[in-house]
There are 2 protein chains.
Amino acid sequence: MTVYTPAEAVEETGFSLDTLRYYEKIGLLERVTRNASGQRRFTQDDIGWLGMLRCLRDTGMPIATMLRFAELVRAGDHTIPDRIKLLEEHDRQVQAQIANLAERQRYIHNKISYYRSVM
Amino acid sequence: MTVYTPAEAVEETGFSLDTLRYYEKIGLLERVTRNASGQRRFTQDDIGWLGMLRCLRDTGMPIATMLRFAELVRAGDHTIPDRIKLLEEHDRQVQAQIANLAERQRYIHNKISYYRSVM
DNA sequence: TTCCCACCTGGAGCACACTCCAGGTCAACC
DNA sequence: GGTTGACCTGGAGTGTGCTCCAGGTGGGAA
């Protein structure tokens with residue numbers, strides 16, 4: 001069973017150590033096990049869960065919503081339908097973000113073309 | 001020449017009145033003309049510029065960068081090449097955002113499929 | 001004339017998501 | 001034995017981008 005030191009978890013997840021501690025403190029991450037001298041040892045599962053969090057965070061999910069998702073996960077398999085609902089709702093928001101960005105991008109392209117035309 | 005009251009500018013731009021005042025205060029918006037009793041009267045140009053700001057803001061440009069762009073615009077036509085550079089750089093970032101969102105979205109889709117498969 | 005309402009200003013306060021700090025522990029290397 | 005470096009904790013501080021507030025003005029409806 002592989003474990004990760006804090007430095008390795010930072011490397012692996014791209015989160016800063018402070019962020020990892022913060023996520024644990026607010027309950028986004030279940031209490032990470034400690035070794036004999038009190039230092040964190042992250043499991044493969046922790047790293048996997050952090051990958052999920054990174055995905056949700058980077059698609060703009062607020063921490064409060066990630067917390068709700070974390071609670072569903074902790075509550076057990078009977079919450080899978082709720083998790084699906086939550087992710088589907090989030091997926092729609094991601095879709096909307098993409099569409100919105102693409103539309104704004106057209107505006108930017110037009111502006112650039114306009115500037116080119118008046119140079 | 002059409003002018004807009006504060007309420008109309010809010011309606012037109014989607015920014016709150018506080019945000020419009022804030023943008024003026026920090027120099028994102030040049031000082032808006034006032035009527036005899038000191039109230040703002042937005043011109044068509046103000047509204048158009050605010051449309052540009054909305055586009056930049058909604059595509060994630062930080063205020064500091066919008067300020068640089070605003071200064072270029074104020075400095076006159078000889079800054080058009082610089083404006084193009086700035087917008088092109090921003091365009092690349094928007095492109096990267098879209099690509100990133102699309103990739104994360106695939107992860108979310110996979111997760112949803114996984115959840116569906118274990119229900 | 002009295003009320004309300006939209007608006008004004010300067011400045012304080014807030015939500016979010018971290019990020020930093022002080023003071024301490026422990027293991028390992030010199 | 002001493003020093004270094006990674007890590008610990010609780011709690012304070014920070015940056016961004018607004019948002020709210022107190023106290024005041026001016027114009028129009030009742």
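Keep in mind the model is a prediction, meaning the values are calculated, not measured.
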Could you please name the option among [options] that lies closest to any side-chain atom of [X]?
{"X": "Gln39(A)", "options": "dC18(D), dC8(D), dC20(D)", "answer": "dC8(D)"}
{"X": "Pro62(B)", "options": "dT19(D), dG17(D), dC8(C)", "answer": "dG17(D)"}
{"X": "Arg31(A)", "options": "dC18(C), dT9(D), dC7(C)", "answer": "dT9(D)"}
{"X": "Arg40(A)", "options": "dC8(D), dC7(D), dA17(C)", "answer": "dC8(D)"}

In whole angstroms, how far is the [atom2] atom of [N] from the [atom1] atom of [X]?
{"X": "Asp58(A)", "N": "dA17(C)", "atom1": "CG", "atom2": "P", "value": "12 Å"}
{"X": "Leu56(B)", "N": "dG17(D)", "atom1": "CG", "atom2": "P", "value": "13 Å"}
{"X": "Arg34(B)", "N": "dT25(D)", "atom1": "CZ", "atom2": "P", "value": "17 Å"}
{"X": "Ile26(B)", "N": "dG15(D)", "atom1": "CD1", "atom2": "C1'", "value": "14 Å"}
{"X": "Arg41(A)", "N": "dA6(D)", "atom1": "CZ", "atom2": "P", "value": "13 Å"}
{"X": "Glu24(B)", "N": "dC18(D)", "atom1": "CD", "atom2": "P", "value": "15 Å"}
{"X": "Tyr23(A)", "N": "dA17(C)", "atom1": "OH", "atom2": "P", "value": "8 Å"}
{"X": "Leu20(B)", "N": "dA6(C)", "atom1": "CG", "atom2": "C1'", "value": "15 Å"}

[X] side-chain N/O to [N] phosphate OP1/OP2 under 4.0 Å:
{"X": "Ser37(B)", "N": "dC8(C)", "answer": "no"}
{"X": "Tyr22(A)", "N": "dC20(C)", "answer": "no"}
{"X": "Arg21(B)", "N": "dC20(D)", "answer": "no"}

- For the pair Glu89(B) and Arg92(B), find out whether any cationic side-chain nitrogen is under 4.0 Å from an anionic carboxylate oxygen.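 A salt bridge is present here (some side-chain N lies under 4.0 Å from a carboxylate O).
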- Task: Before accepting this row, confirm whether a basic side-chain N of the pair Arg116(B)/Glu88(A) lies closer than 4.0 Å to the acidic partner's carboxylate O.
- Result: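 Salt bridge flag = yes for Glu88(A) with Arg116(B).
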- Select from Ala36(A) and Phe15(A) the residue whose nearest nucleotide in DNA chain C is closer to the 5' end of that strand.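 It is Phe15(A), whose closest nucleotide lies nearer the 5' terminus.
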- Query: 5'-most contact on DNA chain D: Ser16(B) or Phe42(A), nearest heavy atom basis?
  - Reply: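 Going by which nucleotide is closer to the 5' end, it is Phe42(A).
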- Item | No-H, no-angle donor-acceptor pair, Asp18(B) side chain to dC20(D) base, under 3.5 Å |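 In this structure, the two groups form a donor-acceptor pair.
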- Message: Just to be sure I understand the rule, does Arg57(B) reach a base, reach only the sugar-phosphate, or reach nothing, if contact means heavy atoms closer than 4.0 Å?
- Response: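 Touches sugar-phosphate only.
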- Would you check if there is a donor-acceptor pair between the side chains of Thr65(B) and His90(B) at a distance under 3.5 Å?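 No pair is found: no donor N or O on one side chain lies under 3.5 Å from an acceptor on the other.
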- Query: Can Asn110(A) and Ser113(A) be counted as having a side-chain donor-acceptor contact under 3.5 angstrom?
  - Reply: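 Asn110(A) vs Ser113(A): no donor-acceptor pair found between side chains.
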- Message: I'd like to know if the side chain of Arg104(A) reaches the main chain of Ala102(A), judged simply by a donor and an acceptor atom lying under 3.5 Å from each other, with no hydrogens or angles considered.
- Response: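 Looks like no, no N/O pair under 3.5 Å.
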